[in-house]
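A quick write-up on the structure given underneath.
What you see is a predicted model, and the numbers here were worked out from it, not measured in a lab. Residue numbers begin at 1 in each chain, while the letters A, B, ... track the order of the sequences.
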2 protein chains.
Amino acid sequence: MQSPRSNQDRTEKTRAALLSAARGLFIEKGYAETSTPEIVAAAGITRGALYHHFQDKRDLFRAVVAEEASAVAAAIEGRASASMQPVAALIAGSFAYLEAMHAPGRTRLLLIEAPAVLGMAEIQALDEANAARTLREGLEAAFSQAGRDPGLPLAALTDLLSAAFDRAALAIDAGGSAADYGAAISVLIRRLVLN
Amino acid sequence: MQSPRSNQDRTEKTRAALLSAARGLFIEKGYAETSTPEIVAAAGITRGALYHHFQDKRDLFRAVVAEEASAVAAAIEGRASASMQPVAALIAGSFAYLEAMHAPGRTRLLLIEAPAVLGMAEIQALDEANAARTLREGLEAAFSQAGRDPGLPLAALTDLLSAAFDRAALAIDAGGSAADYGAAISVLIRRLVLN
DNA sequence: CTAATTAACATACAGGCTGTATGTATGCAA
DNA sequence: TTGCATACATACAGCCTGTATGTTAATTAG
């Protein structure tokens with residue numbers, strides 16, 4: 001806090017401007033159709049700065065995706081409180097997820113483009129860190145309360161359910177009936193867990 | 001059948017060579033990392049021929065995807081015969097799908113790259129023409145046999161199930177346990193349909 | 001049967017984009 | 001204040017896509 005602009009400050013501002021501009025363009029036009037000249041123009045800097053802060057275009061995209069994924073996780077956080085019944089918590093969490101994913105362009109960015117650009121492996125790791133673990137624990141709790149753990153492939157079921165949520169988010173974003181997909185999610189969870 | 005090489009013949013051979021070469025490269029390296037010079041070199045022709053037969057690179061990709069999707073549909077065809085019980089038919093069809101998707105590179109091509117390159121709308125239309133309708137009819141039959149249609153959002157449920165199948169195919173392809181995912185699919189269907 | 005037209009390519013070109021290499025100015029540390 | 005590293009900006013090389021233009025062979029018209 002001595003110079004008019006410390007290096008740390010400059011870096012933060014530049015990175016933030018880059019991320020914001022990139023997110024807007026990636027959401028609007030997709031990864032492939034967005035050029036780095038466009039991004040830096042929108043951010044008010046030059047390509048030199050971009051390649052100073054990020055290794056390449058993909059690396060910048062990765063940062064945007066991570067940011068967005070963590071925003072989704074944050075939006076869900078706390079929506080399914082520990083005081084709820086397991087099944088109710090599962091359903092509340094699912095609806096929170098659908099709501100959070102409804103932000104403009106999020107489904108396309110996170111569910112369509114990210115797997116193609118970054119590869120499924122990276123996305124899976126990111127999911128695991130954010131939502132998947134919570135979901136699996138919720139499922140586990142619900143199952144164990146209903147007393148029917150034995151032999152069920154819990155991890156696989158978690159994965160399949162998570163895929164169903166993703167598809168629901170995508171479908172709603174594409175104009176599908178939120179009520180229908182919400183009901184379908186609800187039915188799916190209840191039938192799976194309760195007998 | 002008069003000339004040593006009729007135009008029709010030439011066209012067919014060239015298109016086939018192009019599609020085959022493109023499929024191999026798209027599967028091996030993905031859409032973005034595959035260049036048209038590479039494709040035509042592998043096919044033994046020039047870029048002029050490619051752009052004569054297809055509007056652009058995406059159009060060629062679209063043709064490859066359509067071919068592959070129809071191969072999957074063909075592989076499933078007949079696996080779920082009308083003589084089976086509805087639920088058994090559903091499960092048989094699901095397993096046939098998982099098997100058909102296990103061909104090298106198919107999950108990546110059809111489930112990861114195609115939505116990103118062609119857009120979700122086109123993929124949905126393609127799915128609808130191939131697998132989704134069959135699935136919905138199967139679900140409907142199973143539900144009506146179990147006597148519990150009223151009020152269920154059938155189309156949405158079909159969509160979610162289809163997403164679960166896709167994820168299972170992806171997960172198995174990525175090294176997940178085919179037994180676990182198969183069991184999970186089986187459980188999901190049974191719990192959903194039977195009470 | 002020949003002339004004209006069109007289809008099926010091959011070649012050449014223009015523009016744009018990515019990543020890197022290089023230059024410069026400013027903060028920071030000794 | 002002198003030297004070094006950081007945060008950029010500028011310049012460059014190579015590749016790729018799509019189009020425009022040429023060429024050869026097949027098909028159609030007269």
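One can place OH of Y31(A) at 14 Å from P of dC17(C), the figure rounded to the nearest angstrom. Between the NE2 atom of H53(B) and the C1' atom of dA8(C) there is a distance of 6 Å, given to the nearest Å. Summarising the geometry, the separation between CZ on R58(B) and P on dG18(D) is reported as 10 Å, rounded to the nearest angstrom. Separating the CG atom of L50(B) from the P atom of dT11(C) is a distance of 15 Å, rounded to the nearest angstrom. Atom pair K29(B):NZ and dC16(D):C1' shows a separation of 12 Å (rounding to whole Å applied). Distance, L60(B) CG to dG18(D) P: 11 Å, rounded to whole Å. Remark: P of dT24(D) and CD1 of I45(B) are 19 Å apart, rounded to the nearest angstrom. Rounded to an integer number of Å, the gap from E33(B) CD to dC17(C) C1' is 14 Å.
Judged by distance alone, the side chain of E38(B) and the main-chain N or O of S35(B) form a donor-acceptor pair under 3.5 Å.
When each of dA7(D), dC8(D), dA8(C) is scored by its nearest atom to the side-chain atoms of H52(B), the top-ranked nucleotide is dA8(C). The side chain of Y51(A) approaches dT20(C) more closely than any other nucleotide in the set dT20(C), dC28(C), dT27(D). Among the nucleotides dA9(D), dT18(C), dT17(D), the one closest to the side chain of K57(A) is dT18(C). Comparing dT11(C), dT18(C), dC8(D) against the side chain of A49(A) picks out dC8(D) as the nearest.
Regarding contacts with the backbone of dA8(C), a side-chain N or O of T11(B) is found under 4.0 angstrom from either OP1 or OP2. The phosphate of dG16(C) (OP1 or OP2) has no side-chain N or O of S35(A) nearer than 4.0 angstrom. In this structure, T36(B) reaches the dT17(D) phosphate: one of its side-chain N or O atoms is under 4.0 Å from OP1 or OP2.
Each of A32(B) and Q8(B) was matched to the nucleotide of DNA chain D holding its nearest heavy atom; the match closer to the 5' end belongs to A32(B). Looking at which nucleotide of DNA chain C each of R47(B) and R10(B) is closest to, the 5′-most match is held by R10(B).
Residues L161(B) and L192(B) have side chains in contact (heavy-atom distance under 4.5 Å, counting atoms from C-beta outward). Taking the side chain as every heavy atom from C-beta outward, F143(A) and L154(A) approach each other to under 4.5 Å.
Side-chain atoms of R15(A) and T11(A) include no donor-acceptor pair closer than 3.5 Å.
Ring geometry for Y97(B) versus F165(B): interplanar angle of 30 to 60°, hence tilted.
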